Student: 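Okay, handing you the structure first.
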Amino acid sequence: MSNSSTNLPRERLSDLREMVANEQHLPVGVRLVAAPLRFVGFWAAVALPFLYVPLLFGGLEASELTVFVALVALNALALVIGHNYARS
């Protein structure tokens, strides 16, 4: 048996990455929305870690642990969204 079926999702993912990396292939509406989202994502990823400091300085209680985990998840999302901001 061949493994050609297991490579199909990877090939499609690779094609999708190439299409998104080359913005000329995206519709105009998507390009107009993508640029501000990348900007906000990039700067949110830069700024969000500063919110960790007061939480970690005072120690994490049960209620603050939920906030901390939510901030880390939000920071990870911002990193993904803002990853390609200002790449030349």
Side-chain angles (χ1 to χ4, degrees):
M1 285 191 203
S2 68
N3 280 339
S4 63
S5 64
T6 59
N7 291 332
L8 187 60
R10 289 184 183 182
E11 291 172 4
R12 287 185 180 171
L13 185 59
S14 176
D15 292 343
L16 181 62
R17 283 183 187 151
E18 288 177 24
M19 186 178 77
V20 171
N22 188 359
E23 288 186 7
Q24 295 172 351
H25 295 296
L26 295 175
V28 174
V30 173
R31 280 186 270 161
L32 289 174
V33 173
L37 281 179
R38 280 194 198 114
F39 171 80
V40 170
F42 175 82
W43 288 109
V46 170
L48 281 171
F50 290 105
L51 297 177
Y52 300 166
V53 175
L55 287 173
L56 294 174
F57 184 70
L60 290 175
E61 296 177 8
S63 62
E64 293 173 335
L65 183 61
T66 306
V67 173
F68 180 74
V69 170
L71 279 173
V72 170
L74 187 61
N75 195 5
L77 180 64
L79 283 168
V80 169
I81 291 172
H83 179 68
N84 285 332
Y85 175 69
R87 286 222 172 161
S88 43

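None of the values given here were measured: they were computed from a predicted structure.
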Student: Can you see which heavy atom on Asn75 is nearest to which on Ala44, and at what distance?
Tutor: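 Distance-wise, the nearest heavy atoms are OD1-O, 4.4 Å.
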Student: Do the side chains of Ile81 and Val33 join up, straight or via other hydrophobic residues, at under 4.5 Å, putting them in one cluster?
Tutor: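 In one cluster: yes.
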Student: Any side-chain heavy atom of Phe42 sitting closer than 4.5 Å to one from Leu79?
Tutor: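 They are not in side-chain contact.
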Student: Do Val46 and Val40 land in one hydrophobic cluster if side-chain heavy atoms of ILVMFWY residues count as linked below 4.5 Å?
Tutor: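 Same hydrophobic cluster.
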Student: Closest approach of Leu55 and Leu60, non-hydrogen atoms and distance?
Tutor: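 Looking at all heavy atoms of both residues, the closest pair is O-CD2, 3.8 Å.
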Student: Membership question, hydrophobic clusters at under 4.5 Å side-chain separation (ILVMFWY): are Leu77 and Val67 in the same one?
Tutor: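 Each belongs to a different hydrophobic cluster.
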Student: Between Leu48 and Leu51, is there a side-chain heavy-atom distance shorter than 4.5 Å?
Tutor: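 Sidechains of Leu48 and Leu51: in contact.
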Student: If every non-hydrogen atom of Leu56 is compared with every non-hydrogen atom of Phe68, which pair is closest and at what distance?
Tutor: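 The answer is CD2-CE1, 3.9 Å.
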Student: My understanding is that a hydrophobic cluster links ILVMFWY residues whose side chain heavy atoms are under 4.5 Å apart, including indirect links. Using that, what else belongs to the cluster containing Phe57?
Tutor: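 None, because no other hydrophobic side chain comes under 4.5 Å of this residue.
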